[in-house]
Amino acid sequence: MQIIRFRGENSKPQLAARTTEGQLYKLPFKDFIDMIECARRKKSTPLTLVKGILRDSLPVGRKLDELECLVPIEAEEVWAAGVTYEKSRDERNYESSGGKSSAATFYDKVYDAKRPEIFFKSTKKRTIGPGETVYLRSDSNWQIPEPELGLVLDHKGEILGYTIGNDMSCRDIEGENPLYLPQAKIWRNSCSIGPAIRLAESVEDPYRFQIICRIYRQHTKVFEESASTSQLKRTYEELCSYLASENMIFDGTVLLTGTCIVPPSDFTLQDGDQVEIEIPGIGILRNPVKSQINQSLEVK
Ligand code: DO4
Ligand code: MG
């Protein structure tokens with residue numbers, strides 16, 4: 001069962017459920033958190049609550065691609081785990097050393113350490129949804145999307161659902177000095193999530209998600225690669241427990257679980273590209289790419 005938000009009547013956001021068969025049903029909640037709170041009040045689970053509503057409703061009768069999908073949750077905070085896949089460790093070593101060093105690096109150490117790398121990625125206003133534009137930094141010449149599985153958490157760090165995330169990254173800024181990480185990771189529209197939240201209870205094995213990333217330039221596919229969450233070095237529970245430890249978590253916090261796909265080292269995103277990240281069972285997250293030059297500095 002997937003939960004989405006779309007632009008409904010009078011342009012108002014409408015929460016909806018999408019069944020495995022692709023049928024859409026409106027849900028009588030303000031947003032995803034409102035739905036979670038209602039399930040809690042009724043001492044039910046989100047899936048049981050939604051199934052009960054669907055039993056008494058008629059489907060919307062429109063297909064997903066006929067709707068304007070919105071960010072599925074306006075998360076107060078998005079956090080991210082890093083170097084959780086071998087691929088990420090190897091590419092981080094490459095960008096920070098130009099491929100020369102053979103000594104153990106911060107990245108080798110964190111890949112094997114008990115404590116994972118967890119960093120702050122985004123806030124509600126910096127996070128965009130399907131169809132919205134991800135921006136490029138004007139002070140970087142080496143920028144990539146990082147396709148990642150996102151965990152949608154409750155205030156205790158328990159997993160409510162799964163979404164797709166793009167942890168946009170500047171390889172040259174991070175490669176120059178790991179202390180520049182916040183600048184390599186956080187800027188206007190540098191994080192995208194969506195298009196749906198797959199309820200955790202409806203997922204048989206979350207370590208069997210396939211992640212596919214495609215990048216289009218002038219309508220031509222210039223990159224495609226796929227990987228699986230089965231290659232993740234850590235468990236989701238481990239990542240959540242480090243995030244929640246001594247911390248304060250809000251209902252709906254998103255934790256991105258690290259990238260398992262990195263485009264070739266001579267690749268950088270360009271103005272006009274389109275990034276597509278697909279996780280079968282969750283959907284396809286598409287975002288056009290634009291350079292920030294000439295973008296209004298107003299906050300949305
Ligand atoms: O160490 C820097 C960040 C790594 C990251 O974002 C990832 O592995 O996905
Ligand atoms: Mg990442």
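Just follow the structure's listing: the first ligand is 1, and inside any ligand the first atom is 1.
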Margin query: Quick check on contacts: which atoms of ligand 1 are under 4.0 angstrom from a heavy atom of Y107?
Written below: 1 (O)

Notebook entry, point to check: Is the closest heavy atom of K185 to ligand 1 under 4.0 Å?
Noted result: yes

Next item on the list: May I ask whether L181 has any heavy atom positioned less than 4.0 angstrom from an atom of ligand 1?
Entry: yes

Next item on the list: Check whether any N or O atom of D167, backbone or side chain, sits under 3.5 Å from an N or O atom of ligand 1, and answer yes or no.
Entry: yes

Notebook entry, point to check: Are F223 and Y216 an aromatic pair by the rule of ring centers under 6.0 Å?
Noted result: no

Notebook entry, point to check: If you draw a 6.0 Å radius around CD in Q218, do more than 12 non-hydrogen atoms from other residues or ligands fall strictly inside?
Noted result: no

Item checked: Numbered atoms of ligand 1 (with element) below 4.0 Å of V83, judged on heavy atoms -> 1 (O), 4 (C), 7 (C), 8 (O)

Notebook entry, point to check: Is a donor on one side and an acceptor on the other found under 3.5 Å between the side chain of S202 and the backbone of L199?
Noted result: yes

Check: Does a salt bridge link R171 with E95, judged by any charged N lying under 4.0 Å from a carboxylate O?
Finding: yes

Margin query: Rounded at 0.5 Å granularity, tell me how far OG in S169 sits from CD1 in I186.
Written below: 10.5 Å

Next item on the list: Please verify whether a non-hydrogen atom of Y85 lies at under 4.0 Å from ligand 1.
Entry: no

Notebook entry, point to check: G258 heavy atoms, cut-off 4.0 Å: which ligand 1 atoms fall inside?
Noted result: 9 (O)

Notebook entry, point to check: Should the pair D31-R5 be classified as a salt bridge under the 4.0 Å nitrogen-to-oxygen rule?
Noted result: no

Check: Any nitrogen or oxygen of E174, main chain or side chain, under 3.5 Å from a nitrogen or oxygen of ligand 1?
Finding: yes

Margin query: Give the atom numbers and elements of ligand 1 that come within less than 4.0 Å of a heavy atom of F119.
Written below: 3 (C), 6 (O)

Next item on the list: Considering only non-hydrogen protein atoms, determine which one is nearest to atom 8 (O) of ligand 1 and report residue, atom name and distance to 0.1 Å.
Entry: S88 OG, 2.5 Å

Checklist line | Check: R7 side chain, S11 main-chain N or O, donor-acceptor pair, under 3.5 Å | finding: yes

Note to self: Has Q14 got a side-chain atom pairing as donor or acceptor with L27's backbone, closer than 3.5 angstrom?
What the structure shows: yes

Checklist line | Under 3.5 Å: donor-acceptor pair, side chain of S57, backbone of I53 | finding: yes

Next item on the list: Out of R171, E146, R92, E117, indicate the one that has the non-hydrogen atom closest to atom 1 (O) of ligand 1.
Entry: E117

Check: Taking everything shown except K233 itself, do over 12 heavy atoms lie less than 6.0 Å from its NZ?
Finding: yes

Notebook entry, point to check: Short list, please: which atoms of ligand 1 are under 4.0 Å from a heavy atom of E148?
Noted result: 9 (O)

Check: Taking the Mg ion (ligand 2) as the center, what protein N, O or S atoms are found at less than 2.8 Å?
Finding: E146 OE1, E148 OE2, D167 OD2

Next item on the list: Step through the shown structure and confirm whether more than 12 heavy atoms of other residues, nucleotides or ligands are within 6.0 Å of OH on Y180.
Entry: no

Checklist line | Shortest non-hydrogen contact between R208 and T229, atoms and distance | finding: N-OG1, 3.4 Å

Item checked: Heteroatom distance test (G82, ligand 1): nitrogen or oxygen, under 3.5 angstrom -> no

